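On a predicted model such as this, the values are computed, not experimentally measured, just so you know. Sequence lines set the chain letters: A, B, ... in the order given, protein chains first and strands last, and positions in each chain run from 1.
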Amino acid sequence: MCSDKMSGRESRGLDDPPNSRLFILCQKGTTEQEFRDSFDQYGTIEDIWIIKDKRTNEDRGIAYIKFSKTSEAMQAMEEMNGKALPGSTKGLKVVVANSKRDGSTRDPREDERLVRLFVIIPKSFNEQNLQDEFSKFGDVENVTVLKDRSSGENKGFGYVRFFRPIHAALAYENCDSSYRPKFAEPQRSRDERDEIENHGYTGAGQKRMYEEDFGGFHGNYNMDSTGFQGFRPGSNSGGPGPREMLADYSTTSSTSRLVIQAPIGLTQGYLVKLFSLIPGMEYCDLNETTGIAYARYSSPQCAAYARDKLHGFEYPLGSALHVQLAEDSARQEYPMNVDSGYASGYGNSQFGNYGQSSFGLDSMDVRQKAAMILEKAGINPQNLLNLSSASSSGLGSVGDGRKERVLYCNVSLPPPQPTVQDDGKNLAQRLFIVCQPSGVSERVLKDAFCRFGNLIDVYLLSGRNYGYAKYASKESAMKAIDTLHGQSLGGQKIKVLEAEPPKAHQGHQGLQGDEGPSKKQRL
DNA sequence: CGACGGGACGC
DNA sequence: CGACGGGACGC
């Protein structure tokens, strides 16, 4: 966001590639040639600069050496730090130079920045796969595969920590480009994250929860600036005040976390809006594949209050939020088996009847506000879910008894089927999907396309109305075309065609190694 | 022991 | 017409 590239004023080479410039403390009077004689064995030196006092021209015993590659700089640093140049008695101090923008502040996490990579990985990877892939570059201290908290599904990226900077640099330069390696920002402490929240700014360029995709309904909404902007966790943004909560919920629970089962079609952004109605919300994360979300409040009282106000909230019509207090040691109380391998596993009738009759008048207040937020955002449940066509032909099973009506589609679909793991070798058919006029949420897509069996993955390109479905069986893919082409999903007309072969050789090819391009890879 | 110059004529 | 993704660690 604020990189050298965008300032236009600073040269773009100083920290490109990352960590390729060294900062050196040395004996005063050391010449550029003396540095060159000792450092050029490690690689291509692009620049040597010896600092002198601007006024007195006095040597300050400081130098910068810029290498063309990160690994060259790391090798030089590891070998030259602490060593004395020929004819000198003073040991050099050799560290990675800060960017000009960061100035001279010494970062205690400096070493952390040199040994840890952030990488994009296949969904099929586990920790062992990741470690095996990167151990070829050096000794790996540990790896992390990020997973969805509720489903345990690999989120598609991870961290690799090496013992030595040189090994991290070699991995950065030589790993397959599909890993898109970056040197990881050191993880922030809880206090630092809170500080960022309060100031609404992050120097690391990370998106804040409240700024994330509010377009989950993909075109059928208008960004709402009335109901949400300016909200901060813990503030009183229209919900009942903290006093009321403390009065009513002082002794009711011991957990601050909630487990939420959201109806299909409801996205992260809107769920955050809804649960932000209750003061004290700290986070609210939805897995749009499973519909399971976790929220945390600043106190058990707030959490209990949120549960009572939003449990059973019915919007759009025909589906309801299911909200429970999360007991950390009580996974069996979750509303469904979150470890199942099903992309969906439920349709439109998984909820009991959480009618509003069982709630008091004060709970109506929050619900009305919640409904207003969604309405002001331009959500049209009729359009989204095709309720009119669904209800006119009757919900529930039809015809042969194998197919069922779902709220988001205009035709009956087979029941959900398990998806299959992407092992990099099982791709049998790719489909090209176009949604018109705009996109459809990933959750709706997965729920629809998994119903023909053997679905590996389905996605739209980010910000686009087209994408791909990958099947491990050609027959399943053809059934998807037969049933879904020309139909309507989430209010959008969709085209489903056999995909052309990919333009470029790209992306992860799995773990099969060196057997060369196969027929399947060209699908 | 601790921090930022000079050069560039290239889309 | 519409053709090749993904991105940050929380309990």
Side-chain angles (χ1 to χ4, degrees), chain A residues 10-11 13-15 21-28 47-52 54 60-64 66 90-106 112 116-123 144-147 149-150 154-159 161 178-194 197 202 204-207 209 255-258 282-283 285 294-296 326 328 430-437 439 442 457-468 470 494-508 523:
Chain A
E10 293 181 348
S11 70
L14 288 184
D15 201 31
R21 194 174 63 131
L22 300 177
F23 173 81
I24 298 169
L25 297 177
C26 57
Q27 190 171 57
K28 289 176 184 172
D47 192 28
I48 297 180
W49 174 27
I50 296 168
I51 304 277
K52 298 207 169 66
K54 284 194 180 71
R60 297 173 63 186
I62 296 170
Y64 292 94
K66 170 71 172 67
K90 177 188 169 71
L92 299 178
K93 178 160 184 178
V94 184
V95 298
V96 172
N98 287 347
S99 70
K100 274 193 171 181
R101 190 170 47 92
D102 290 344
S104 60
T105 53
R106 272 190 269 183
E112 176 95 348
R116 206 168 64 117
L117 297 180
F118 174 68
V119 292
I120 301 297
I121 57 176
K123 295 275 205 308
T144 307
V145 172
L146 273 81
K147 295 170 182 155
R149 276 201 305 282
S150 54
N154 174 344
K155 287 167 77 174
F157 52 93
Y159 297 91
R161 188 197 308 271
S178 57
Y179 287 110
R180 308 263 149 185
K182 288 184 172 181
F183 284 93
E185 285 293 319
Q187 187 167 7
R188 294 175 188 283
S189 71
R190 182 62 197 271
D191 288 346
E192 287 167 321
R193 286 197 297 273
D194 289 348
E197 284 294 308
T202 164
Q206 294 166 355
K207 278 194 284 189
M209 173 164 51
T255 178
S256 299
R257 296 178 67 224
L258 299 175
E282 295 182 350
Y283 65 78
D285 276 356
Y294 285 81
R296 193 176 70 191
D328 288 336
R430 289 195 326 142
L431 303 181
F432 180 57
I433 303 164
V434 185
C435 309
Q436 286 167 329
E442 177 166 319
D457 195 15
V458 56
Y459 60 90
L460 299 185
L461 275 69
S462 127
R464 309 289 171 113
N465 67 330
Y466 56 85
Y468 298 87
K470 300 197 285 191
I494 64 164
K495 295 179 184 177
V496 186
L497 315 166
E498 292 185 58
E500 297 295 326
K503 191 191 288 185
H505 178 81
Q506 60 184 5
H508 294 286
L523 287 170

Side chain proximity check, A/Y179 to A/I120, heavy atoms < 4.5 angstrom:
no
What I'd like to find out is whether the side chain of A/K28 reaches to under 4.5 Å of the side chain of A/K90, using heavy atoms alone.
no
Distance in angstrom units between [X] [atom1] and [N] [atom2], rounded:
X      : N      : atom1 : atom2 : result
A/K100 : B/dG6  : NZ    : P     : 10 Å
A/K66  : B/dG7  : NZ    : C1'   : 15 Å
A/E500 : C/dA3  : CD    : C1'   : 8 Å
A/K28  : B/dA3  : NZ    : P     : 12 Å
A/L258 : C/dC11 : CG    : P     : 17 Å
A/L431 : C/dC4  : CG    : P     : 17 Å
A/E112 : C/dA8  : CD    : C1'   : 13 Å
A/L146 : C/dG7  : CG    : C1'   : 10 Å

Base, sugar-phosphate, or nothing: which does [X] touch, judged by heavy atoms less than 4.0 Å apart?
X      : result
A/R161 : nothing
A/N154 : nothing
A/V119 : nothing
A/L461 : sugar-phosphate
A/L497 : base
A/N465 : nothing
A/Y468 : base

Among [options], the nucleotide that comes nearest once only the side chain of [X] is considered:
X      : options              : result
A/K182 : C/dG7, B/dG5, C/dG5  : C/dG7
A/K495 : C/dC4, C/dC1, C/dA3  : C/dC1
A/L14  : B/dG5, C/dA8, C/dC4  : B/dG5
A/F157 : C/dG7, B/dA3, C/dG5  : C/dG7
A/A499 : B/dC1, C/dA3, C/dC11 : C/dA3
A/R180 : C/dG7, B/dC4, C/dG5  : C/dG7
A/F118 : C/dC4, C/dA8, C/dC1  : C/dA8
A/A97  : B/dA3, C/dA3, C/dC4  : B/dA3
A/I62  : C/dG5, B/dA3, C/dA3  : B/dA3
A/S462 : C/dC11, C/dG6, C/dC4 : C/dG6

Counting only distance, no hydrogens or angles, is the base of C/dC11 paired donor-acceptor with the side chain of A/R296 under 3.5 Å?
no
Could a donor-acceptor pair under 3.5 angstrom be found where the side chain of A/R116 meets the base of C/dC9?
yes
Can [X] be said to stack with the base of [N], given centres closer than 5.5 angstrom and planes under 30 degrees apart?
X      : N     : answer
A/F432 : C/dG2 : no
A/F23  : B/dA3 : yes
A/Y159 : C/dC9 : yes

Decide side-chain contact (heavy atoms from CB on, under 4.5 Å) for A/L460 and A/N465; before the verdict, give the C-alpha distance in whole Å, the side-chain angles of both, and the deciding distance to 0.1 Å.
CA-CA 7 Å; A/L460 299 185; A/N465 67 330; 5.8 Å; no
So A/I62 and A/I50, side-chain contact (heavy atoms from CB on, under 4.5 Å) or not? Walk me through it.
CA-CA 6 Å; A/I62 296 170; A/I50 296 168; over 6 Å; no
Of A/G103 and A/G91, the one whose nearest nucleotide on DNA chain B sits closer to the 5' end is A/G91
The residue, A/I51 or A/K90, whose nearest nucleotide of DNA chain B is more 5′ is A/K90
State whether [X] places a side-chain N or O below 4.0 Å from either non-bridging phosphate oxygen (OP1 or OP2) of [N].
X      : N     : value
A/T144 : C/dC9 : no
A/K54  : B/dG5 : yes
A/R60  : B/dA3 : yes

Is the distance from the ring center of A/F118 to that of A/F183 below 6.0 Å?
no
Picking from A/I433, A/I494, A/L461, what satisfies side-chain contact (heavy atoms from CB on, under 4.5 Å) with A/Y466?
A/L461
Within the side chain of A/R430, is there an N or O that forms a donor-acceptor pair under 3.5 Å with the backbone of A/E500?
yes
Aromatic rings A/Y64 and A/W49: how do their planes relate, parallel, tilted or perpendicular, breaks at 30° and 60°?
parallel
